[in-house]
There are 2 protein chains.
Amino acid sequence: MVSSKDVAKHAGVSQTTVSRVLNSPEFVKKPTFDKVMKAIHDLNYVPNGHARSLVQNKTETIALLSGPLHNPFFVDTTSAIVHYANEMGYRVNVQFVNDQKLNEAYATAIEHKVDGVILSCILLDDPIFEKLTRMNIPFITYNRKHKNNEYFVEIDNFEAGYLAAKHMIEQGHTAIAWVGGTLTVSTFNNRYLGFLQAIKDHKLSLPEQYIINTDASKQAITHAFHKLMQLEHRPTAICAGADSLALFLIDVAIQENYTVPEDISIIGIDNVDLSSHGSIQLTTVGSISEQNLGYLAIRELIEMIENKKNSCIQITESVKVFHRSTTQKI
Amino acid sequence: MVSSKDVAKHAGVSQTTVSRVLNSPEFVKKPTFDKVMKAIHDLNYVPNGHARSLVQNKTETIALLSGPLHNPFFVDTTSAIVHYANEMGYRVNVQFVNDQKLNEAYATAIEHKVDGVILSCILLDDPIFEKLTRMNIPFITYNRKHKNNEYFVEIDNFEAGYLAAKHMIEQGHTAIAWVGGTLTVSTFNNRYLGFLQAIKDHKLSLPEQYIINTDASKQAITHAFHKLMQLEHRPTAICAGADSLALFLIDVAIQENYTVPEDISIIGIDNVDLSSHGSIQLTTVGSISEQNLGYLAIRELIEMIENKKNSCIQITESVKVFHRSTTQKI
DNA sequence: ACTCAAAATGGTTACGTATTCATTTTTGGT
DNA sequence: ACCAAAAATGAATACGTAACCATTTTGAGT
């Protein structure tokens, strides 16, 4: 591997000068500059980023621990995060993690002394929170948040669940089911609580079988859908805990020869880009703002990194219903 | 920052022993091992990946230069690549590049001495090919390929274009338009040539206005759709150069109150995961194999890295039509 | 021509790890 | 109890860069 020393020898200058040519060329005379540049070109020299990171103790790299891309929410956020970060001169180390392999992912992120970490799937009582704090690594969570209630960007999940149910009620539905994810996740938990509150406020009955909180796999969702539709008094509407779940439900419904919304109304939460596609037109609840959560998160994170500002980030975006075509009056 | 020296001091051993505890614990006695582990834990020591990379000259990192995620093809491939790489113990540095900022992306990838590079959007005569070869960095391209015709994984693009047109012809269409991407890209070019060949083989006429090769932005596609539908003899079918384009076209069509396939049949190429969703059911041409191109590419790349095998990779997957619901007999 | 400040360049070191080689400690056979 | 071999540990060094400080060169003002 050709190093700056090789370049120096080839150009007849010191290694220091080579370094200067690359990092502060204003301090080096034109002729020397040219000599060095020629040598760099002749030898196809490329500086070693690791050596630089080692001595400078910064990496211009951000670690992104995202949920899986088969969830369109993470497609939107990952895209926004990587684009903005690149724009600002940071590289992004992406890992798509499931809750099991979380610790492994944390470890490799920390080993590489990234300038910041952005987490989508932190657990309520995740020890990583304290760890990152103690190591003084800037970080932010989006989508989910930690029980410490700091450094997060989220939508108003309770309100989202509430509005989803309210929307169905306003459409005249009274038999409304809930299909959400694990309640150990702050996001799903709050959305669920919002849903319950709306049901309660409107004095609707909610049979136990109408509530399904499960893992977010396609299999599980398929199973949930079957169970709901085979009930004696089957629901006429389903509030899904996330657009990804809603999209699964719709997929299953269609494949089982139900039509949406004629046979059953379905609403999601998140307002992912895909939901507005002409073929989908998913009714959903999402942030009022144009920017997705990933964008907000990376913007704040880079702000933290560069301004070293310590003011705690707590952003909760307001939400509204986006009424499209997967729900209708009964 | 706490280093292995600090740990050594705290445990009363040499730095060498600390390194050994982490990398070859079988050579260190149980009591020393425990002492060191305790010190590591006490001090919250995390080894510095950059220092390690520097001395070992390997990074366990792969750079992925992918197309943008708003194209569902890259969602599928990115997901497959990152999952497989992580499974095999590699981290993945993802960049979503547009053809303009390609060089910048190359540079940061190379600076960090990644173990391998995987490229989705190489240009036909891209100098990066020679550069990576000269630097002895293993790499592979998927989707597109370089004119050197080496180290790539692709589907049979010509055949895909041919089959798309043939499918429409078999459905009785005679007025078939083409909406593809820039022809400087190997993928689009070959698909287009296949399309042309099918039209020619079946002795159909192809008015000049039926051929639109443009950039793959939503705007451009919207414009293309309008132009086609306003023709005096408007086509009854469109072959799209990729599923992403087909999905855009369908989105536009629906928003303009056309119905697919009643008003117009549309077929894509790639068979992205999304295309089989119940609400979409896009007819498309895709690889016969279950695995997507990203998976094939990363598998080959890691093989190259680990076995240092130099046999040139040239994989072209056969294709077939997946007949769903966006095309119909006329 | 001479002085002195400013500009340009070079020598040396630190960053944190793994590796190589040298040294010390332990073990087992007599 | 002694010795050789094996096991365990340590000291020194390299990796490639940036930063710090020292030195040399340049140039402006007299």
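Here D:dT17 presents its P atom at 12 Å from NE2 of B:His112, a figure rounded to the nearest Å. Remark: C1' of C:dA18 and NE2 of A:His50 are 15 Å apart, rounded to the nearest angstrom. Between A:Glu60 atom CD and D:dA18 atom P the separation is 12 Å, expressed in whole Å.
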Item checked: Footprint string (nucleotides 6-16 of chain C, 5' to 3'): B base within contact, S backbone only, - free, heavy atoms under 4.0 Å -> --SBBBB--BB
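Salt-bridge formation is not detected for the pair A:Glu154/A:Arg144: no Lys NZ or Arg NE/NH1/NH2 atom is positioned less than 4.0 Å from an Asp or Glu carboxylate oxygen.
In terms of heavy-atom proximity, B:Ser186 sits nearest to B:Lys145 at OG-N, 3.1 Å. Scanning both residues, A:Gly67 and A:Cys121, for their nearest heavy atoms gives N-SG, 4.2 Å.
Each of A:Ile298, A:Leu296, A:Val92 was scored for a side-chain contact (heavy atoms from CB on, under 4.5 Å) with A:Tyr84, with one residue passing: A:Ile298.
For the pair B:Ile81 and B:Tyr295, the minimum side-chain heavy-atom distance is 4.5 Å or more.
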